[in-house]
Amino acid sequence: MRGKSFLMSMQTEPIERPTLTAMSEKTALIVGCHGQDGRYLFEALEQRNYRILGIAKNAVRCREISWKTPIDINHFEQVCEVIQQTQPDEIYYVAAFHHSSENHLPEPRPLFEKSYETHVSAVVNFLEAIRLHSPQSRFFYAASSHIFGHPKRHVQNEKTVISPTCIYGITKATAVFTCRFYRDQYGLFVSIGILYNHESRFKHSKFLTKKIIQNVLDIKEGKRDQLVLGNLKAKVDWGFAPDFVDAMYRILQQPQPDEFIIATGQPHTVKDFVAEAFAAMGLDWKKYVKEDPSLLSKKQRVLIGQPDKLKAQTEWQPLFDFPTMVRQILQEELAFRHKILVFIPTYNERDNVTPLAKQLMALSLNLDILFLDDHSPDGTGDILDQLALTHPNIFVIHRKGKEGIGSAHLTGVNWAYNKGYSSLITMDCDFTHRPEAIPTFIEKAKNFDIVVGSRFLQENSLEGWSPHRKFMTHVGHFMTKNFLQLPFDSKNAYRLYRLENIPRHIFNRVTSSSYSFFFESLFLLHLHGCQVGEIPITLPARAHGESKMALKDVVKSVTHLFSLYLTSRQHSAQLRQETNRSF
C-alpha cells in the first residue's frame with residue numbers, strides 16, 4: 001500500500017490570486033461554510049473585514065462572533081435564534097446535497113428527502129426567520145444550471161424556462177420558486193445566482209475535474225499509468241470558484257434583489273481540460289488517456305450560461321481564463337498534496353492549547369492544526385477561536401458536548417479526508433505527546449502506512465507515572481498483543497496515518513466511540529494489510545489537567561477487545577476454510 005516518494009522538482013508556486021482591501025464591518029452568515037464556495041466566501045468576506053458566522057454540519061466557524069454550538073439548519077427554532085441574535089446584513093446560502101459526490105443512494109425516495117431537506121426545507125427556515133426577526137437582511141441563494149434540465153438552446157439566460165429533469169435540479173428549482181415567493185410576497189431582499197460548473201481544488205474527488213487533476217499528478221508520480229474517461233467530447237461551461245464567489249458578493253451589493261446567471265459563457269470539452277492539465281505537467285495526454293463510454297451513467301447535456309446581465313449590472317468579470325484556471329487548480333493541488341494535518345481533541349485544556357499550538361508552529365513544517373472541542377466549560381473553545389482568528393493554519397470544530405474520544409478522532413479523520421490532506425497526525429493536548437517527535441514520525445512514514453508512537457520500545461518511557469497506571473498500561477498492551485495479534489502500542493493516540501495510502505472505507509467500519517477506537521482502528525487497518533511502523537516515545541505525567549479516562553471506559557474497552565477477538569477468530573477460520581478448499 002506504499003506510494004512512491006514525491007517528485008519535488010514538480011513543485012511550482014500557485015498563481016497569486018488578487019487580495020482585497022478591508023472595506024466594512026458588516027455581519028454575514030455563510031450556510032455551508034465548509035464546502036467549496038463557503039470556504040472561498042469566508043476568505044473573501046474576511047478580507048473585507050466582515051464579522052462572520054459560518055454554519056456547517058455539526059460545526060461552526062466564527063470571525064469576531066461568539067457562537068459555540070452547531071446549528072441544525074433543519075431546526076426552525078435554532079435558525080430563528082441565530083438570525084435574531086446576529087441580525088446579519090448578508091446571508092449566503094451555499095449549502096447543497098450533491099448526490100453525485102456523496103454516498104450512493106440507489107432509491108429516489110431517500111435521495112429526494114435528503115435533497116429536499118437541504119435545498120428547500122432549510123431555505124424556508126432561513127427565509128421565514130428573516131421575515132420574522134431580521135427583515136433588513138439580504139439573502140443570496142445558490143441555485144444551479146440543473147434547473148434548466150435539457151433546454152432546447154445550448155446557451156441559457158435568466159429567461160430560459162425552468163424544467164429540471166434530475167432530483168438535484170428539481171429541488172434546486174423548488175427553492176428558486178420559494179425565494180421568489182418570499183421576495184414578491186414579503187418584500188425581502190432575496191437574490192438568486194444560477195451557478196454553472198465552477199471548479200477548485202476543494203471539489204470532491206468524485207467530480208470529473210478533481211478526478212482528472214488527481215490522476216494527472218498520480219501519473220506524473222508514477223502511481224498510475226492510465227486515466228479512463230467516459231466522453232472526451234462532452235462540452236462544459238467551466239469557471240473558477242473564487243470568481244463565482246466574487247459574483248455572489250457583487251449580487252448582494254446591488255440596490256435591488258434580482259436573479260443572475262453566473263457562468264463564463266465559454267464552452268470547453270473534457271479533452272480541452274485533459275490536454276491543459278497534462279501539458280502543465282509536461283506530459284502528452286494521448287499517451288495516458290483512454291475513452292470508455294460505458295462509464296457514463298447519465299444522459300449528457302450541454303449547459304452554457306450567458307452572463308451578460310451579471311456583467312452589465314455588477315461589472316463582474318472572471319479574472320481567470322480557462323487555461324489559467326486549470327493550471328491554478330493543478331498547482332494548488334500539487335502544493336497541498338503533501339501537507340499534514342495535526343488533529344487534537346480537547347476538553348478543559350485552556351492552559352495547554354496555546355503553548356501546544358506555538359510549539360507545533362515552531363517546528364517549521366508544512367502543518368495545519370485542527371482542534372476539536374467538546375464544549376469545554378473552562379473556556380477552551382474561546383481560546384481556540386482566538387487562535388484560529390490570528391493563525392490561518394489553525395481550524396476549530398465545536399461540538400455540543402462530550403460524545404466520546406473515538407467519535408472525536410473519527411470526526412478528525414473524516415475532516416482530513418474531506419479536505420484532501422495526504423497525512424494525519426493525531427495527538428493529545430496535555431503535552432504527554434511531545435511535538436518534537438513529529439519529524440521522526442514523518443521520516444518513519446516514508447516506509448509505512450501508519451506510524452505509532454510506542455511506549456514499549458525503551459526503558460523509563462512512562463516517566464512520573466504511578467505504579468497502578470503503569471500496571472494497567474502493560475496489561476492493556478499484553479491483551480491487544482495476544483488477543484488481537486497487534487505487536488504495536490495499539491492503545492496510544494499519538495499516530496501518523498498516511499491517508500493517501502489508506503482506503504477511507506476502513507475507518508468507516510470502526511464502531512467504537514470511546515477509547516477502544518484506538519486498538520479497533522489499528523486492528524482493522526492491520527487486518528486490511530496496512531503496514532504499521534513504530535517509533536519510541538516517552539510519556540511524562542500530565543503537566544496540566546486531569547486524565548479523562550474513567551473506570552467505565554476501561555470496562556468498555558475490555559468488552560470491545562474480546563468482541564474484536566471473536567471477530568478475528570472467525571476471520572482466521574474463514575481464511576483456513578478457503579485455503580483448504582483451494583487445495
Side-chain angles (χ1 to χ4, degrees), residues 1-3 103-104 223 341 343 404-418 421-427 441 444-457 473-535 537 553-583:
M1 300 181 74
R2 301 174 198 164
N103 292 332
H104 182 58
K223 294 180 179 179
L341 178 68
F343 172 71
I405 188 65
S407 168
H409 275 257
L410 276 175
T411 299
V413 168
N414 284 319
W415 200 90
Y417 271 116
N418 289 339
Y421 289 90
S422 63
S423 296
L424 170 69
I425 293 173
T426 62
M427 64 187 301
F441 273 95
K444 187 78 172 181
K446 291 179 179 179
N447 298 307
F448 295 93
D449 303 311
I450 305 121
V451 179
V452 179
S454 176
R455 300 164 286 183
F456 306 107
L457 294 180
T473 298
H474 282 280
V475 168
H477 180 54
F478 174 84
M479 294 178 70
T480 56
K481 182 178 180 179
N482 288 277
F483 286 96
L484 301 183
Q485 303 302 306
L486 295 175
F488 324 105
D489 188 351
S490 58
K491 297 181 70 180
N492 190 9
Y494 204 3
R495 299 178 177 181
L496 185 151
Y497 303 99
R498 287 188 63 188
L499 300 182
E500 59 187 346
N501 289 351
I502 301 173
R504 185 174 185 169
H505 70 83
I506 301 176
F507 283 104
N508 292 335
R509 294 185 59 189
V510 178
T511 60
S512 175
S513 62
S514 61
Y515 286 89
S516 50
F517 164 86
F518 300 111
F519 62 76
E520 182 186 5
S521 60
L522 201 61
F523 170 75
L524 292 172
L525 291 164
H526 190 233
L527 195 66
H528 281 77
C530 294
Q531 300 296 310
V532 183
E534 289 185 294
I535 65 168
I537 60 170
D553 297 313
V554 176
V555 174
K556 279 185 179 180
S557 293
V558 173
T559 303
H560 200 61
L561 187 149
F562 280 106
S563 175
L564 291 175
Y565 168 67
L566 294 176
T567 299
S568 66
R569 290 287 298 270
Q570 294 170 357
H571 180 74
S572 298
Q574 182 180 358
L575 286 178
R576 284 196 298 271
Q577 291 175 2
E578 291 175 353
T579 302
N580 291 335
R581 284 197 298 269
S582 67
F583 285 99

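Values below: all heavy atoms of this structure, side chains included; hydrogens, waters and symmetry mates excluded.
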Quick check against the 3.5 Å criterion: does [X] have a side-chain atom that pairs as donor or acceptor with the backbone of [Y]?
X      : Y      : answer
Asn492 : Gly453 : yes
Asp489 : Arg455 : yes
Ser422 : Glu500 : no

(request) Check side-chain contact (heavy atoms from CB on, under 4.5 Å) between Asn414 and all other residues, then give those that pass, not counting sequence neighbours. (result)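 Once residues adjacent in sequence are excluded, the partners of Asn414 under the side-chain contact (heavy atoms from CB on, under 4.5 Å) criterion are Arg504, Asn508.
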(message) According to side-chain contact (heavy atoms from CB on, under 4.5 Å), who are the partners of Ala445, at least two apart in sequence or on a separate chain?
(response)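 Ala445: side-chain contact (heavy atoms from CB on, under 4.5 Å) contacts with Val451, Leu496, Arg498.
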Nearest heavy-atom pair of [X] and [Y]: which atoms, and what distance?
X      : Y      : answer
Ser512 : Ser516 : OG-OG, 2.6 Å
Val452 : Phe441 : C-CE2, 4.0 Å
Ala416 : Leu499 : CB-CD1, 3.6 Å

Going from [atom1] on [X] to [atom2] on [Y], what distance comes out if it is rounded to the nearest 0.5 angstrom?
X      : Y      : atom1 : atom2 : value
Thr511 : Leu524 : OG1   : CG    : 8.0 Å
Ile502 : His528 : CD1   : NE2   : 12.0 Å
Phe517 : Leu410 : CZ    : CG    : 4.5 Å
Cys530 : Asp449 : SG    : CG    : 5.0 Å
Glu520 : Leu527 : CD    : CG    : 11.5 Å

Checking [X] now: which residues fulfil side chain to side chain donor-acceptor pair (under 3.5 Å) with it, not counting sequence neighbours?
X      : result
Ser521 : Arg495
Tyr421 : Asp368
Ser407 : Arg399

(request) With sequence neighbours excluded, tell me which residues meet ring pair (Phe, Tyr, Trp, His ring centres under 6.0 Å) with Phe507. (result)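 Here the qualifying residues are Tyr497.
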(message) The criterion is ring pair (Phe, Tyr, Trp, His ring centres under 6.0 Å); which residues satisfy it with Phe518, sequence neighbours excluded?
(response)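 In terms of ring pair (Phe, Tyr, Trp, His ring centres under 6.0 Å), with neighbours along the sequence ignored, Phe518 is linked to His409.
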(message) Run the side-chain contact (heavy atoms from CB on, under 4.5 Å) test on Ile450 and Phe488 for me, step by step, so that the C-alpha distance in whole Å, both residues' side-chain angles and the decisive distance to 0.1 Å come before the verdict.
(response) CA-CA 11 Å; Ile450 305 121; Phe488 324 105; over 6 Å; no
